Amino acid sequence: MQVATTGLVLRQVKVGEADQILTLLTPDLGVISASAKGSLRLKNKLFSASGLFCYSEFTLTSGRSHYFVDSAQVKKVFHGISDSVEAMCLATYMAEIALSLSPAPPEADAQLRLLLNSLYMIGQKRLPLRQLKTIYELRAMSMAGYQPDLLACVSCGRYDGGEFYFDPIEGNLLCADCADKARHIPNLDAGALYALRHICLAEDKKLFSFTLSPSSLKNLSRVSEQYLLAHLEHGLKSLDFLKTVLE
Ligand SMILES: [Zn+2]
């Protein structure tokens, strides 16, 4: 049976001389793997569309446990990602998160759009890479059913004012006073708390529209990574390397 779908190439595994097995994130089939025969040959019709982080229109034949790529047409190439090691590492890290979440339809469509927008923003170079990393981590987790409880301090109901403690395991907030009683040290300043709420709650088109100071970003970045790792329940290979290249 033949199916047509768009898909973003998240991973390539070389097989034999010039074949590849691609892992694709698609809106209607979720994450799938598909053989792309001959796609490593420069003159092959699948060559361009099989590139890493390429977003393409695929025609696939479904086999027993696996798909085969019959034809592919490039829809979008994210220029700018391959310009720097930092950008490439961040894109690889995002792809690894998407693979571990492995969203099924209908969530796959929203996760795909988030990833496409994030890759676009990496290429645009308008926001710090660390900010894009944090946005992707928190938003992808929220979409995957790990929406933190950010309304107010869970203990006394305080909404804002001063520093807060975000519990990366529980996914909730404590104000500075309640954090002190619970022997936690606040990990969010006002700017980081604002940004945390924005990332998890803003509508799609406003997601990337906020700024925060370098020190707030540092706070939030630490917290969002802890939150992600606490809920994925396993490490990410690409994270260690990414941390060595991000300033
Ligand atoms: Zn409180």
Side-chain angles (χ1 to χ4, degrees), residues 90 93-94 96-98 100-103 106-107 110-111 113-115 117-118 121-122 126-236 238-240 242-244 246-247:
L90 179 57
Y93 172 68
M94 288 174 176
E96 195 182 352
I97 294 174
S100 18
L101 293 175
S102 194
E107 187 205 325
Q111 289 281 3
R113 272 184 285 122
L114 172 65
L115 187 49
N117 290 336
S118 301
M121 291 302 290
I122 292 176
R126 283 203 306 266
L127 295 179
L129 291 178
R130 191 178 286 278
Q131 184 170 343
L132 297 177
K133 170 178 179 284
T134 298
I135 293 173
Y136 184 77
E137 288 169 338
L138 289 169
R139 190 74 168 195
M141 291 309 278
S142 293
M143 276 179 183
Y146 303 98
Q147 169 95 265
D149 174 11
L150 302 174
L151 195 61
C153 170
V154 280
S155 188
C156 74
R158 184 175 183 154
Y159 178 76
D160 57 8
E163 297 189 312
F164 272 71
Y165 173 72
F166 178 72
D167 187 323
I169 312 277
E170 300 296 329
N172 58 28
L173 294 168
L174 287 175
C175 70
D177 292 341
C178 297
D180 190 47
K181 282 178 208 144
R183 299 180 177 229
H184 287 301
I185 298 164
N187 51 13
L188 298 173
D189 58 20
L193 176 60
Y194 171 85
L196 174 61
R197 286 191 171 124
H198 178 91
I199 294 167
C200 296
L201 305 169
E203 50 185 304
D204 281 351
K205 62 176 184 205
K206 291 188 181 147
L207 179 60
F208 295 93
S209 316
F210 68 96
T211 51
L212 75 174
S213 70
S215 63
S216 297
L217 177 55
K218 215 165 184 185
N219 275 329
L220 185 60
S221 159
R222 193 176 304 130
V223 162
S224 72
E225 193 178 294
Q226 287 168 346
Y227 185 66
L228 175 97
L229 293 175
H231 292 85
L232 279 186
E233 293 169 343
H234 60 82
L236 293 160
S238 54
L239 178 59
D240 295 332
L242 176 65
K243 281 162 95 162
T244 66
L246 273 192
E247 83 274 21

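Ligands are counted one by one from 1 in listed order, and the atoms in each one are counted from 1 as well. Heads up: numbering here begins at 1 and tracks the sequence. Quick caveat, the model's predicted, so the values are computed rather than measured.
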Does the pair L114 and L207 meet the rule for a side chain to side chain contact (heavy atoms under 4.5 Å, CB included), with working shown? CA-CA 10 Å; L114 172 65; L207 179 60; 3.6 Å; yes

Side chain to side chain contact (heavy atoms under 4.5 Å, CB included) between F166 and L150, worked out: CA-CA 9 Å; F166 178 72; L150 302 174; 3.8 Å; yes

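Below the 2.8 Å limit, the Zn ion (ligand 1) has as protein N, O or S neighbours C153 SG, C156 SG, C175 SG, C178 SG.
Relative to the ring axis of Y159, R197 places its NZ or CZ within 45° and under 6.0 Å from the centre.
Using bins of under 30°, 30° to 60° and over 60° for the plane-to-plane angle, the ring pair F210/H198 lands in the tilted bin.
Atom CG of L151 is surrounded by 12 or fewer heavy atoms from other residues, nucleotides or ligands within 6.0 Å.
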Distance-only donor-acceptor pairs under 3.5 Å for side chains of residues 215-222, two or more places apart:
| from | atom 1 | to | atom 2 | distance (Å) |
| --- | --- | --- | --- | --- |
| S215 | OG | S213 | OG | 3.4 |
| S216 | OG | D189 | OD1 | 3.1 |
| S216 | OG | D189 | OD2 | 3.0 |
| S216 | OG | S213 | OG | 3.0 |
| N219 | ND2 | D189 | OD2 | 3.3 |
| S221 | OG | R130 | NH1 | 3.2 |

